[in-house]
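Throughout, protein chains are lettered first and strands after them, A, B, ... in sequence-line order, and every chain is numbered starting at 1. Values below: all heavy atoms of this structure, side chains included; hydrogens, waters and symmetry mates excluded.
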Number of protein chains: 2
Amino acid sequence: MTRKGKDTNTESKILDAARQVFIEKGLAGARMQDIADRAEINKAMLHYYFKNKEMLFELIFRETAGKLFPHFEMLLDSDLGFFDKIRSIVSSYIETMVQNPYLPLFVMNEMNKNPEIGMKNFFEAQKPGFVKKFRASIEVSIQEGLIQPINPLHLIMNMFSMCAFPFIAKPMIKLLTGIEDEQFRNLMDQRKVLVAEFIINSIRK
Amino acid sequence: MTRKGKDTNTESKILDAARQVFIEKGLAGARMQDIADRAEINKAMLHYYFKNKEMLFELIFRETAGKLFPHFEMLLDSDLGFFDKIRSIVSSYIETMVQNPYLPLFVMNEMNKNPEIGMKNFFEAQKPGFVKKFRASIEVSIQEGLIQPINPLHLIMNMFSMCAFPFIAKPMIKLLTGIEDEQFRNLMDQRKVLVAEFIINSIRK
DNA sequence: AGTTTTGTTAACCATTTGGTTAATTTATGA
DNA sequence: TCATAAATTAACCAAATGGTTAACAAAACT
């Protein structure tokens with residue numbers, strides 16, 4: 001094995017632990033010792049593999065932020081009809097959140113609390129451009145008379161709001177409604193179709 | 001002045017500073033010294049007026065969480081038509097967010113990071129029940145044939161998602177679209193009517 | 001085998017942090 | 001006026017925290 005120490009068991013154990021801790025506690029609340037403990041390694045190894053807390057955090061943040069907007073550009077370029085594009089994006093986006101429920105709150109919160117770190121690493125993790133593509137697609141659909149006129153930005157905001165917000169507000173939703181994790185999960189599954197139809201219903205002519 | 005030391009200049013200076021710091025940095029990231037500095041008082045005063053960091057935080061959290069759902073119950077009891085209720089709630093809710101843009105992220109994040117503290121103090125700050133009232137109101141409107149059938153919970157989620165999420169995602173929205181604070185503010189103002197009409201458009205028969 | 005590189009550890013260190021204390025100043029009230 | 005209580009401060013403290021070091025073990029190379 002002439003590999004450059006990458007993917008060592010230790011290294012990935014650290015990354016796994018760091019992911020857990022940073023996502024659970026945030027940058028400010030995370031403790032290096034906690035990460036070392038969960039990885040079952042000596043704290044010094046953290047600095048051996050990754051220079052310091054900030055470097056380790058930026059790595060995890062970039063990796064996580066990268067999951068925020070999956071293959072949407074591919075989808076938007078496809079020959080699906082506009083409504084089916086919405087259905088696909090909504091469904092796949094909510095599924096992403098179901099798989100990574102912590103995702104939206106973690107990214108949004110760290111971007112707010114540490115704008116410099118957040119923005120720098122977000123750009124490295126995320127190839128923007130899908131917004132522009134989405135906007136264009138909406139404008140075309142308006143021109144074609146397929147949907148009612150609406151500021152594309154608002155439509156996009158509405159869509160991602162309805163997809164992501166429930167995961168951010170989960171504790172409050174559970175508190176206000178008394179539902180449990182399983183029922184919450186069911187609700188989110190329902191939303192995969194419900195949200196898309198809610199949107200389409202509102203904008204279709 | 002035979003008042004029991006309440007509202008002392010010092011005391012309210014502390015509260016103002018604590019509000020700033022906790023909201024900006026969160027519980028984990030907040031520093032007592034930072035609060036003392038911003039209040040321009042000696043750090044010991046923090047412990048003189050408020051036992052410790054957690055007590056001070058709970059106070060601020062409760063106060064802040066209390067703003068999350070204003071006079072909705074009053075509004076729901078009014079004799080406004082269902083659509084006008086939606087218009088009123090959306091508009092007043094977004095205005096609340098415009099006035100306190102940090103509100104949703106702060107509350108949601110702390111409830112996630114510190115479930116015990118969060119939930120305990122949320123209940124003390126918030127008289128629930130407006131959800132039940134809202135659900136009932138939606139069910140009646142469905143029965144009356146005014147709107148299409150929809151799970152009230154989803155409708156409520158959709159509404160609050162579209163109102164609150166943009167404020168949580170503000171840094172990302174600015175990053176993805178290139179807009180500045182002023183334009184963001186304009187967008188949010190537009191949403192006061194846009195979101196309500198978007199919803200009504202989707203559910204009306 | 002022996003030497004060099006890589007991985008790992010325990011102990012240590014400086015700084016930060018939440019919190020305390022004892023002394024001092026500033027009202028308050030008899 | 002004088003004693004008592006309330007407010008304020010500087011100095012201090014112990015624990016926690018991010019990070020380092022020096023010694024040691026395990027591979028890897030020759």
| said: If we ignore hydrogens and angles and just use 3.5 Å, is the side chain of B:Ser91 paired with the main-chain N or O of B:Ser88 as donor and acceptor? | reply: no

| Gap between atoms CD1 and P, on A:Ile41 and D:dG19 respectively (whole Å) | 14 Å

| task | Find the distance B:Glu11:CD to D:dT8:C1' and express it as a whole number of Å. | result | 15 Å

Show which side-chain atoms of residues 160-176 of chain A pair as donor or acceptor with protein atoms under 3.5 Å away, not counting sequence neighbours.
unit_1, atom_1, unit_2, atom_2, d
A:Ser161, OG, A:Met157, O, 2.5
A:Lys170, NZ, A:Asp181, OD1, 3.3
A:Lys174, NZ, A:Asp181, OD1, 2.7

| query | Do the ring planes of B:Phe198 and A:Phe198 sit parallel (below 30°), tilted (30 to 60°) or perpendicular (above 60°)? | reply | tilted

| task | Whole angstrom is fine here: how far is it from CG in B:Leu46 over to P in D:dT9? | result | 11 Å

| Which pair of non-hydrogen atoms, one from A:Arg38 and one from A:Val21, has the smallest distance, and what is that distance? | NE-CG2, 3.6 Å

| message | Check the phosphate of C:dT9 against A:Tyr48, side-chain N and O only, distance under 4.0 Å to OP1 or OP2. Yes or no? | response | no

| Got a donor-acceptor contact below 3.5 angstrom from the B:Asn121 side chain to the B:Ile117 backbone? | yes

| query | Listed in order of residue number, which residues of residues 57-64 of chain B have a non-hydrogen atom at under 4.0 Å from DNA chain C? | reply | none

| task | Please work out which of the three classes, parallel, tilted or perpendicular, describes the rings of B:Phe106 and B:Phe57, given edges at 30° and 60°. | result | perpendicular

| request: Mark up nucleotides 17-22 of chain C, 5' to 3', with B wherever a protein heavy atom is under 4.0 angstrom from a base atom, S wherever such an atom reaches only the sugar-phosphate, and - elsewhere. | output: SBBBB-

| message | For C:dG7 and A:Thr10 - does any side-chain N or O of the residue sit under 4.0 Å from the phosphate oxygens OP1/OP2? | response | no

| message | I need the minimum non-hydrogen distance between A:Met188 and A:Val98, along with the two atoms involved. | response | CB-CG2, 4.1 Å

| query | Whole-Å distance between D:dT8 C1' and B:Ile14 CD1? | reply | 11 Å

| said: Between C1' on D:dG18 and CZ on A:Phe50, what's the gap in Å once rounded to a whole number? | reply: 16 Å

| message | Measure CG/B:Asn9 against P/C:dA27 and give the value in whole Å, please. | response | 12 Å

| field | Check ion pair B:Glu40-B:Lys13 (N to O, under 4.0 angstrom) | value | no

| Which word best sums up how the rings of A:Phe122 and A:Phe69 line up, parallel for under 30°, tilted for 30 to 60°, or perpendicular for over 60°? | perpendicular

